[in-house]
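Side chains included, hydrogens not; waters and symmetry mates left out as well; all remaining heavy atoms used.
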Amino acid sequence: DTEKKKEGKSAEQVRQIRRVTAQDINADWAKGNALYTKWASIHRIGYPELMVLYVLDWRGAQTQKDISHSVGMTKQTVNTVISKLRQKGYVRLETAQTDRREKMACLTAAGRKYADGILEPLREIEDQIYEKIEQERLLQMLETSGEINRLMEQEINREEQEMKREKAEKKREEQKK
């Protein structure tokens, strides 16, 4: 509070600045996603397929749950993409060594070739871009975006739990009548 007053900004002004900042951050993330969606479209695939290929290429064999968590897509979407890639012979499912009930998706040799054709030129573009930005700034951006996502997930989960509680309470009240 003292810091805000020193700067001569009211609490309302600070809140407005934060809202504009949040809107700008969201717009930038959306633009980034739109650019990767455009890349996928140029290569005649969908954004979800691009992200699944990206994760399998980057991290190797993964469960569908892990892929889903890595890129923020539903497990159903990931499952649909994996199924289509399996039908084309680009992905195979293997039993996980740690939990035999889980299946690990991994690229086949044909899938590796397919993914490289799409991802290698993208990686080259990313490398060119990241060479132009100081490493410290990239690491700071990564840390900050991770923190924003963690806090956002925490707040959304809290809201979800609150709504579930309210719904259950309303249902109990209706049953009493």
Could you go step by step and tell me if Glu126 and Arg123 meet the side chain to side chain contact (heavy atoms under 4.5 Å, CB included) rule? CA-CA 5 Å; Glu126 290 170 334; Arg123 281 191 222 100; 4.2 Å; yes
Run Glu143 and Leu138 through side chain to side chain contact (heavy atoms under 4.5 Å, CB included) and show every step you take. CA-CA 9 Å; Glu143 183 180 316; Leu138 290 171; over 6 Å; no
Under the side chain to side chain contact (heavy atoms under 4.5 Å, CB included) criterion, do Lys103 and Thr95 qualify, and how do the steps go? CA-CA 5 Å; Lys103 300 288 183 196; Thr95 302; 3.2 Å; yes
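For the atom pair CD of Gln64 and CD of Glu102, the computed distance is 10.5 Å after rounding to the nearest 0.5 Å. In this structure, CZ in Arg137 is found 12.0 Å from CD in Gln135, a value given to the nearest 0.5 Å. Within the model, atoms CZ of Arg150 and CE of Met152 stand 12.5 Å from one another, a figure rounded to the nearest 0.5 Å. Note that the CD atom of Gln62 and the SG atom of Cys106 stand 10.5 Å from one another [nearest 0.5 Å]. Once rounded to the nearest 0.5 Å, the distance linking OG1 of Thr144 with CG of Leu139 reads 10.5 Å. Here Leu53 contributes atom CG and Leu119 contributes atom CG; the two are 6.0 Å apart, rounded to the nearest 0.5 Å.
Salt-bridge annotation for Asp57 and Arg112: present, with a side-chain N of the basic residue lying under 4.0 Å from a carboxylate O of the acidic one. Arg158 and Glu155 are joined by a salt bridge, as a carboxylate oxygen and a charged side-chain nitrogen come within less than 4.0 angstrom of each other. Salt bridge absent: Glu174 and Lys176 never bring a charged side-chain N and a carboxylate O closer than 4.0 Å.
Taking a 6.0 Å sphere around CD of Gln76, one finds it holds 12 or fewer heavy atoms contributed by other residues, nucleotides or ligands. Within 6.0 Å of atom CD in Gln97, 12 or fewer heavy atoms from other residues, nucleotides or ligands are found, so the atom counts as exposed in its surroundings. Shown here is Arg165, whose CZ atom has more than 12 heavy atoms of other residues, nucleotides or ligands within 6.0 Å. Counted within 6.0 Å of CD on Glu12, heavy atoms from surrounding residues, nucleotides or ligands total more than 12; the atom is thus considered enclosed.
Residues passing the salt bridge (charged side-chain N to carboxylate O under 4.0 Å, His left out) test with Glu124: none are found, sequence neighbours excluded. The side chain to side chain contact (heavy atoms under 4.5 Å, CB included) test applied to Ser68 returns Lys75, Val78, not counting sequence neighbours. Every side chain to side chain contact (heavy atoms under 4.5 Å, CB included) that Leu151 has, sequence neighbours left out, goes to Glu147, Gln154.
The shortest heavy-atom contact between Ser70 and Arg59 is OG-NH1, 2.5 Å. Listed here is the closest heavy atom pair of Ala105 and Ile82: CB-CD1, 3.8 Å. Listed here is the closest heavy atom pair of Val81 and Pro48: CG2-CB, 3.8 Å.
Judged by distance alone, the side chain of Ser41 and the main-chain N or O of Thr37 form no donor-acceptor pair under 3.5 Å. Of the possible donor and acceptor atoms, one in the side chain of Ser145 sits under 3.5 Å from a partner among the backbone N and O of Leu142. Panel note: side chain Gln13, backbone Ser10; a donor-acceptor pair is recorded below 3.5 Å.
Cluster membership for Met73 and Met104, using ILVMFWY side-chain heavy atoms within less than 4.5 angstrom, is not shared. In terms of hydrophobic clustering, with Ile, Leu, Val, Met, Phe, Trp and Tyr side chains grouped at heavy-atom distances under 4.5 Å, Tyr36 and Ile118 are assigned to a common cluster. Under the 4.5 Å side-chain contact rule for hydrophobic residues, Trp29 and Val71 do not share a cluster. If you chain together hydrophobic residues whose side chains sit under 4.5 Å apart, Ile129 and Leu50 fall into the same group.
Two residues are said to be in side-chain contact when any heavy atoms from C-beta on lie closer than 4.5 Å; Lys65 and His69 fail this criterion. The side-chain heavy atoms of Met51 and Ile67, taken from C-beta on, include no pair separated by under 4.5 Å. Considering only heavy atoms from C-beta on, Met163 stays 4.5 Å or farther from Lys167 through its side chain. The side-chain heavy atoms of Leu107 and Val91, taken from C-beta on, include a pair separated by under 4.5 Å. Side-chain atoms of Asp99 and Thr63, non-hydrogen and from C-beta on, never get closer than 4.5 Å to each other.
Ring orientation note: the planes of Trp58 and Tyr54 are nearly perpendicular, at an angle over 60° on the 30°/60° scale. The aromatic rings of Tyr114 and Tyr90 lie parallel to each other, their planes meeting at an angle below 30°, with 60° marking the opposite boundary.
A donor-acceptor pair shorter than 3.5 Å cannot be found between the side chains of Asp24 and Thr21. A donor-acceptor contact under 3.5 angstrom links the side chains of Thr77 and Thr74, judged on distance only.
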